[in-house]
Structures are given as structure tokens and as C-alpha cells.
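Because only heavy atoms are used, hydrogens play no part in the values below, and waters and symmetry mates are left out as well, while side chains stay in.
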Amino acid sequence: MKGKERLLVALDVDDWQEARRLADVLAGAVGGFKVGIRLYYRAGAGVLAYLRERVPVVFADLKLHDIPSTVDGGVRALVAQGATLLNVHAAGGRAMMAAARDAAADEAERRGLIRPRVVAVTVLTSLDETALKEEVGIPEPVAVRALAWARLAQEAGLDGVVASAWEAAAIRRACGRDFIIVTPGIRPQGSSPGDQRRVVQPAEAVQAGADYLVVGRPVTGAPDPVRAVREIVASLGEG
Ligand code: C5P
């Protein structure tokens with residue numbers, strides 16, 4: 001994959017006009033965009049369709065987690081709207097993940113679209129060891145649970161996981177070269193970590209095994225977002 005193709009910019013803004021302005025200026029310079037609950041819940045379904053006309057990868061980061069038949073319906077809706085990459089919580093279990101994969105494949109085939117990739121969210125990076133154990137009731141260390149969920153996602157037929165660069169190398173070793181790793185928590189040299197606790201530079205994340213890099217504020221908050229994107233791509237040294 002070339003540097004530019006790896007870069008997914010998180011459109012974490014409340015306002016559709018602002019998101020559209022960013023999307024319009026960045027479209028030629030990135031691999032795609034990530035739409036999370038913040039923008040999707042405000043701007044609605046048309047967001048994905050708009051982006052799909054402009055970039056190869058439209059990542060619907062809506063983290064579905066429900067019973068399999070409900071997830072099936074949700075995934076079909078997202079595929080119809082233009083998502084090419086979407087995610088579900090691994091904690092929903094094998095049957096739920098398989099339902100998501102099957103729904104994405106079936107809906108895409110019915111519509112003559114390329115099969116969207118479905119990846120799993122493992123342990124949220126906001127949960128530390130204590131919270132995972134005492135609040136969520138999972139006694140294992142975060143890294144152990146994240147890896148177990150990555151394996152389960154692969155067994156369920158998912159295409160990959162969302163994982164921090166710190167987990168990427170172990171997941172790459174366990175799940176092989178074709179398993180997609182989507183990595184947030186990226187900070188180019190000199191940019192503010194914000195509320196991210198453990199950040200890595202773009203090239204380090206790729207080194208660790210990341211396929212796609214999700215970058216939000218270092219681009220969306222930059223005085224010149226296009227320049228910020230070009231600098232990140234250049235720092236990857238992949239052309
Ligand atoms: O602005 P920033 O680069 O920190 O944005 C990172 C994006 O990736 C945000 O949309 C955030 O919600 C998302 N994300 C994350 N960590 C995870 C999963 C998703 O930062 N573990």
C-alpha cells in the first residue's frame with residue numbers, strides 16, 4: 001500500500017458544513033475518511049454517500065454491538081449508504097461478527113459493489129487494566145484480551161481489527177499478513193497528544209504492522225490540513 005492510501009482522516013466535527021469543507025479540500029490527498037458517531041448522529045446517512053463519491057475508503061466507525069439479526073440490518077444500511085470499511089465490537093461474540101461479515105458481503109453483491117471490509121474493535125483504549133477487571137469484569141491483562149478478540153474476529157471471518165500501534169505487532173504475528181490492522185492514536189512529530197495517552201508517530205505505526213492510520217486532530221485542527229496530510233504521507237517514505 002502507498003503512503004497516501006493508508007491515511008484515513010477522522011472527520012470528528014459536529015457540523016456537516018465543516019466536515020464537507022474538510023472532505024472537499026482533503027479528498028485528493030488521503031486514502032479515505034472515518035466517520036464516527038459524533039458526525040454520523042448529527043449529519044445522518046447522506047454523509048457516507050457524499051464521501052464515497054470522493055475517496056476510495058469510507059470508514060463507518062459506528063462500532064455496532066447488538067444481537068446478530070439487528071447487526072445484520074445495520075450493516076446492510078451502512079453498505080447501502082456507501083461504507084467500504086465498518087466495525088463491530090468483538091465483545092458481541094462470534095455469531096454477531098459472522099452476521100456482520102455475511103450481511104456486508106451479501107448486501108454488496110446485491111448492489112454490485114465491492115465487498116466492504118468489516119473489522120472488530122477489541123478493548124477500548126480508554127479502559128485500563130483496573131477498569132477492564134473491576135468494571136467490565138474481564139480479569140485478563142488488556143493486551144491478552146485484545147489479542148484473544150483479534151483471533152476470535154479472524155475465526156469469525158472478519159477482515160481485521162482496530163488496534164493501537166502498541167498491540168499491532170502481536171496481532172500481526174498471531175493473525176498473519178492479510179489481516180487488516182487499523183490504527184488510531186497517531187501523532188506526527190511535534191503535534192499535541194490531546195486526550196490520547198499513548199501515541200506513536202505515523203512511520204512507527206506502519207513499522208509495528210498497521211495497514212491504515214486513522215488521524216484526526218493533527219489534520220483537522222491544523223492551520224493547513226492539506227499540508228499536514230502531505231507531511232504525514234512524506235514521513236512514511238512510501239511514495
Ligand atoms: O484526533 P485523533 O487523531 O486523536 O482521532 C483519533 C480517532 O480515532 C478518533 O475518532 C477516535 O475516536 C478514534 N479512536 C481512537 N482510539 C481507539 C478507537 C478509535 O482514538 N481505540
Side-chain angles (χ1 to χ4, degrees), residues 3-66 70-71 73-89 104 113 116-119 121 124-127 162 164 182-199 202 205 210 212-233 235:
K4 172 179 144 179
E5 292 162 11
R6 294 184 187 280
L7 188 58
L8 307 181
V9 171
L11 295 175
D12 289 327
V13 294
D14 296 324
D15 173 37
W16 173 227
Q17 303 303 332
E18 168 69 359
R20 198 164 60 183
R21 193 189 60 77
L22 276 165
D24 289 347
V25 296
L26 291 172
V30 299
F33 294 111
K34 178 177 95 69
V35 177
I37 53 177
R38 182 170 164 190
L39 178 62
Y40 191 84
Y41 285 169
R42 284 188 188 273
V47 172
L48 303 181
Y50 184 88
L51 298 176
R52 185 67 196 97
E53 285 177 16
R54 286 159 179 83
V55 285
V57 179
V58 177
F59 178 16
D61 176 22
L62 303 175
K63 301 186 178 70
L64 308 189
H65 189 177
D66 209 316
T70 301
V71 166
V75 166
R76 286 178 190 277
L78 294 174
V79 172
Q81 289 163 20
T84 68
L85 176 64
L86 56 96
N87 58 7
V88 299
H89 272 283
L113 302 170
R117 268 115 11 124
V118 183
V119 297
V121 175
L124 294 174
T125 44
S126 51
L127 294 173
V162 179
S164 79
V182 181
T183 300
I186 307 288
R187 288 294 177 271
Q189 202 165 13
S191 64
S192 154
D195 59 358
Q196 297 282 13
R197 271 189 265 165
R198 295 192 302 165
V199 298
Y212 289 104
L213 308 179
V214 172
V215 186
R217 288 160 291 181
V219 171
T220 57
D224 181 350
V226 176
R227 185 168 161 198
V229 156
R230 294 224 169 98
E231 284 174 2
I232 292 170
V233 171
S235 78

Contacts of Asp14 meeting side-chain hydrogen bond (donor to acceptor under 3.5 Å, both in side chains) (sequence neighbours excluded), chain-then-number -> Arg38
Smallest heavy-atom separation, Ile186 atom then Ala205 atom, equals CD1-CB, 3.5 Å
Residues Gly82 and Val58: closest non-hydrogen pair is O-CB, 3.6 Å
Could you go through Val55 and Leu26, starting from their C-alpha distance and side-chain angles, then the distance that decides it, and tell me whether this counts as side chain to side chain contact (heavy atoms under 4.5 Å, CB included)? CA-CA 9 Å; Val55 285; Leu26 291 172; over 6 Å; no
Sorted by chain and number, sequence neighbours left out, side-chain hydrogen bond (donor to acceptor under 3.5 Å, both in side chains) with Glu5 holds for none
Across all chains, not counting sequence neighbours, the side-chain hydrogen bond (donor to acceptor under 3.5 Å, both in side chains) partners of Asp61 are Lys34, Lys63, Asn87
Rounded to the nearest 0.5 Å, the CG atom of Leu51 sits from the CG atom of Leu39 at a distance of 8.0 Å
| side chain to side chain contact (heavy atoms under 4.5 Å, CB included) between Leu22 and Val9: does it pass, once the steps are laid out? | CA-CA 10 Å; Leu22 276 165; Val9 171; over 6 Å; no
Applied to residues 182-195, the salt bridge (charged side-chain N to carboxylate O under 4.0 Å, His left out) test, sequence neighbours excluded, yields Asp195-Arg217
Going through the checks in order, is the side chain to side chain contact (heavy atoms under 4.5 Å, CB included) test met by Leu64 and Leu62?
CA-CA 6 Å; Leu64 308 189; Leu62 303 175; 4.2 Å; yes
Shortest non-hydrogen pair, Val30 vs Leu7, comes out as CB-O, 3.7 Å
Gln189 meets the side-chain contact (heavy atoms from CB on, under 4.5 Å) criterion, sequence neighbours left out, with Gln201
One should read off an interatomic distance between Arg20 CZ and Asp15 CG, to the nearest 0.5 angstrom, of 9.5 Å
Closest non-hydrogen atoms of Ala104 and Pro116, given as atom of the first, atom of the second and distance, are O-CD, 3.7 Å
Sorted by chain and residue number, the salt bridge (charged side-chain N to carboxylate O under 4.0 Å, His left out) partners of Asp66 (sequence neighbours excluded) come out as none
Arg230 meets the salt bridge (charged side-chain N to carboxylate O under 4.0 Å, His left out) criterion, sequence neighbours left out, with none
Looking only at heavy atoms, the pair that brings Ser191 and Pro188 closest together is OG-O, 2.8 Å
Tightest non-hydrogen contact, residues Val219 and Pro225, listed as O-CB, 3.5 Å
Across all chains, not counting sequence neighbours, the side-chain contact (heavy atoms from CB on, under 4.5 Å) partners of Leu127 are Val123, Leu124, Ala131, Leu132, Val136
Sequence neighbours excluded, the answer for ring-ring contact (aromatic ring centres under 6.0 Å, His included) partners of Tyr50 is Trp16
For residues 44-59, the salt bridge (charged side-chain N to carboxylate O under 4.0 Å, His left out) pairs (sequence neighbours left out) are Asp24-Arg54
Those residues at least two apart in sequence (or on a different chain) that pass side-chain contact (heavy atoms from CB on, under 4.5 Å) with Ala45 are Tyr40, Gln81
With sequence neighbours left out, the residues meeting side-chain hydrogen bond (donor to acceptor under 3.5 Å, both in side chains) with Arg76 are Asp72, Asp106, Glu107
Between Lys4 and Gly28 (side chain of the first, backbone of the second, donor and acceptor by atom type, cut-off under 3.5 Å), is there such a pair?
yes
Query raised in the report: Can you list the steps and then say if Val215 with Leu8 is a side chain to side chain contact (heavy atoms under 4.5 Å, CB included)?
Result: CA-CA 6 Å; Val215 186; Leu8 307 181; over 6 Å; no
Short question: side chain of Thr183, backbone of Leu213 - any donor-acceptor pair under 3.5 Å? no
